[in-house]
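Note that the structure is a prediction, hence the values are computed from the model and not measured. Throughout, numbering of the chain's residues begins at 1 and tracks the sequence.
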Amino acid sequence: METESEPYVRLASLRQLHQVMADMNTARSLADTLQTVADGVVQALGYEMACVNLVRQDGDLVVAALAGNSAAEALITGRVGSRESWDRRLHMGEHWGDLIFIPHTEGWVLDDDDVPQWYTDGPMPRFEDEWHPSDRLFAPMYTPGVQGGSCGELLGVLSVDRPRNGRRPGAWGREALQMYAFQAAIAISNARLRANMQRALVRLEREQQALRASEESFRQAFEYAPSGMAIAEMGGDQHGRILRTNDALCRLLGRPASAMRRYSFSDLVHPEDIGTLLRTSAEGGRAELRLGRRDGTYVWVSLRNSVVADAADGPRFLLTHVEDIEERKRRELQLAHRASHDSLTGLPNSAELRSRLAARLCRRPSEPGDLESLDAAYGLPVFDTPGGHGGSHGGFDFRPGTEGYDAFDHHVHTVAPEEGHDDGTKGLAVLFCDLDGFKSINDRFGHNAGDAVLIEVARRLTRGVRDGDTVARLGGDEFVILADGLGRADAQDLAVRLRNEIIQPIRAEGRAVRVGASFGIGWAHCGMTADEVLKSADERMYVEKRSRPKQHRRAG
């Protein structure tokens with residue numbers, strides 16, 4: 001074809017080009033297609049060398065096929081050029097339609113990039129349209145069916161070199177190469193599609209064979225699995241009913257297989273975990289929940305569901321794997337308890353105390369500064385009201401007693417009884433307890449005796465409060481009691497009773513010892529932080545301690 005003059009092209013040349021394109025689309029594999037593309041450029045388009053650079057999944061381009069020079073083929077086939085370097089090439093030089101021509105006067109800047117290259121020798125051009133050995137001509141191959149070529153996905157790049165007639169291609173040669181690149185892109189896309197279909201067919205056949213071969217294996221694996229297995233119905237009136245269980249699940253729950261078929265998992269799950277079970281059953285996946293044993297106890301299990309579907313009828317069964325995780329859950333609960341409780345007395349520690357106290361408190365916008373701070377938090381304008389009390393934020397009235405004020409708060413507020421008299425208000429009392437005389441026990445009898453005293457004091461405090469009240473060890477010989485729903489007189493009575501319990505003799509290291517206790521009563525209310533509440537109770541405790549003669553601070 002390189003011998004043809006333009007615009008005259010022999011019919012034989014067109015037939016040759018047509019045959020090469022037909023060969024591309026009948027190649028049996030992607031590798032054959034790529035090599036046919038490279039061979040076709042050499043055979044039909046009149047170039048001495050052609051190279052197919054294919055885009056990989058990571059975006060870089062690999063030299064996938066080369067024709068016309070066996071030495072070049074052995075040297076650069078399989079080598080990779082970065083996408084960055086290729087993008088640079090495709091955006092420089094002269095654009096001949098979709099072709100990219102980079103003359104030797106510009107291409108020297110590409111000599112040191114990472115694109116695999118083969119340098120050919122040849123005579124220097126004598127005329128303007130003659131081919132220079134360092135000229136480069138690229139034909140990008142884009143996703144077929146996309147108008148405008150370069151707007152589609154780049155599949156690869158055809159590189160051609162050394163036209164046999166020694167001249168840069170004219171209009172016909174450029175058109176032919178452009179058309180060939182387009183047809184090559186179609187052939188590459190079709191080859192990839194065929195390869196994917198072949199892999200899918202092979203995979204499907206293997207899966208079918210494996211499915212047929214595994215029926216007996218599944219039965220044995222199900223029956224003799226070391227952990228629990230069950231099959232349940234999906235859909236219809238019997239949705240969730242257990243159809244089949246293995247021996248391991250029957251042993252775990254202490255129920256015979258015949259009895260298990262009368263239940264669904266929703267009949268066996270702990271009431272608090274029913275929502276978790278329903279979500280897991282509907283979506284597949286896994287969950288951790290409690291299942292009921294025959295003796296009325298519950299066991300923690302990891303329950304993993306898989307939907308068994310029929311190709312025609314859709315989901316049919318639920319395959320459930322049940323693993324006993326009772327021991328792990330017990331360890332997790334122990335670790336959580338250790339993190340939030342004092343290791344000596346078993347009482348909630350300082351962090352847990354503050355957490356429980358903070359959960360009852362909230363910040364209320366009761367001060368002008370608090371109202372103004374809402375500007376930044378919510379982007380709402382503040383309008384002063386007459387007298388400077390309260391304010392309005394974006395149409396919400398935050399004056400105490402108004403609807404807008406209550407709308408800002410989201411829980412039942414903690415309030416404190418009035419100071420100085422008992423008006424019947426019930427609040428959250430915070431009793432700060434400090435032991436009197438404890439240091440002398442440590443000094444005289446040792447820390448073991450001191451630890452025994454702390455343990456016994458913790459026991460007496462716990463015994464002396466109501467269910468639902470919190471007794472915590474703040475640290476050292478300091479304890480805190482949170483007692484909700486008390487008036488001022490109730491809190492004073494509680495402090496007296498607890499003090500009388502503490503001053504009774506305590507057996508420690510074979511001897512009877514006594515400690516006293518000073519109590520400070522603080523009141524928690526919304527607007528305070530947990531630390532502020534504890535500080536208030538602590539200060540009141542020291543006031544109470546200083547107000548009593550030293551000799552009366554403990555029983556002796």
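The backbone N or O of Asp98 sits less than 3.5 Å from a side-chain atom of Gln178, completing a donor-acceptor pair. In this structure a side-chain-to-backbone donor-acceptor pair under 3.5 Å is present from Thr143 to Glu153. Ser189 places a side-chain N or O within 3.5 Å of a backbone atom of Ala185 that can act as its donor or acceptor partner. Between the side chain of His95 and the backbone N or O of Gly97 there is no donor-acceptor pair closer than 3.5 Å. Put simply, the side chain of Glu175 never gets that close to the backbone of Ala171: no donor and acceptor are under 3.5 Å apart.
Arg168 forms no cation-pi arrangement with Trp131, by the criterion of a distance under 6.0 Å to the ring centre and an angle within 45° of the ring axis. Figure legend: cation-pi geometry between Arg241 and Phe265 absent, as NZ or CZ is not positioned both under 6.0 Å from the six-membered ring centre and within 45° of its axis.
Ring geometry, Phe138 versus Trp86: the interplanar angle exceeds 60°, so the pair is classed perpendicular (tilted spans 30 to 60°).
Between Ile231 and Leu318, the closest side-chain pair of non-hydrogen atoms is not below 4.5 Å. Two residues are said to be in side-chain contact when any heavy atoms from C-beta on lie closer than 4.5 Å; Ile100 and Arg89 fail this criterion. In this structure, Tyr47 and Asp161 have side chains that are not in contact, with every pair of non-hydrogen atoms separated by 4.5 Å or more. In this structure, the side chains of Leu90 and Pro140 come closer than 4.5 Å at one or more pairs of heavy atoms. Using a 4.5 Å heavy-atom cutoff, the side chains of Arg356 and Pro348 are in contact. Between Met92 and Ile102, the closest side-chain pair of non-hydrogen atoms falls below 4.5 Å. Two residues are said to be in side-chain contact when any heavy atoms from C-beta on lie closer than 4.5 Å; Val322 and Thr320 meet this criterion. The side-chain heavy atoms of Leu66 and Trp118, taken from C-beta on, include no pair separated by under 4.5 Å.
Under the 3.5 Å distance criterion, with hydrogens and angles disregarded, a donor-acceptor pair is assigned to the side chains of Trp96 and Glu94. No hydrogens or angles considered: a donor-acceptor pair under 3.5 Å links the side chains of Asp114 and Ser85. Using modelled atom types, one finds a donor on one side chain and an acceptor on the other under 3.5 Å when comparing Asp39 with Gln35. A donor-acceptor pair shorter than 3.5 Å cannot be found between the side chains of Ser159 and Arg136. Side-chain contact annotation: Asn349 with His341, donor-acceptor N/O pair under 3.5 Å absent. For the residue pair Asp273/Thr276, the side-chain donor-acceptor check at 3.5 Å is not satisfied. Side-chain N/O atoms of Thr529 and Asp531 include no donor and acceptor closer than 3.5 Å.
With salt bridges taken as basic N to acidic carboxylate O contacts below 4.0 Å, none links Arg293 and Asp295. Between Asp129 and Arg167, at least one side-chain N (NZ, or NE/NH1/NH2) sits under 4.0 Å from a carboxylate O, which counts as a salt bridge. Of the charged side-chain nitrogens involved, none lies within less than 4.0 Å of a carboxylate oxygen, so that Glu323 and Arg304 do not count as a salt-bridged pair. Classification of Arg244 and Glu223 as a salt-bridged pair holds, one side-chain N sitting under 4.0 Å from a carboxylate O. Contact check on Arg330 versus Glu327 returns a salt bridge, with a Lys/Arg side-chain nitrogen under 4.0 Å from an Asp/Glu carboxylate oxygen.
Residue-environment remark: CD (Glu128) stays at or below the threshold of 12 foreign heavy atoms within 6.0 Å.
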*List the steps, then state whether side-chain contact (heavy atoms from CB on, under 4.5 Å) holds for Val52 with Val63.*
CA-CA 6 Å; Val52 179; Val63 178; over 6 Å; no
*asked:* Working note: Met141 + Ile188, criterion side-chain contact (heavy atoms from CB on, under 4.5 Å); need CA distance, chi angles, decisive distance, verdict.
replied: CA-CA 9 Å; Met141 297 179 292; Ile188 292 171; 3.8 Å; yes
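None of Asp111, Leu110, Asp112, Thr105 except one satisfies the side-chain contact (heavy atoms from CB on, under 4.5 Å) rule with Trp108; the exception is Asp111.
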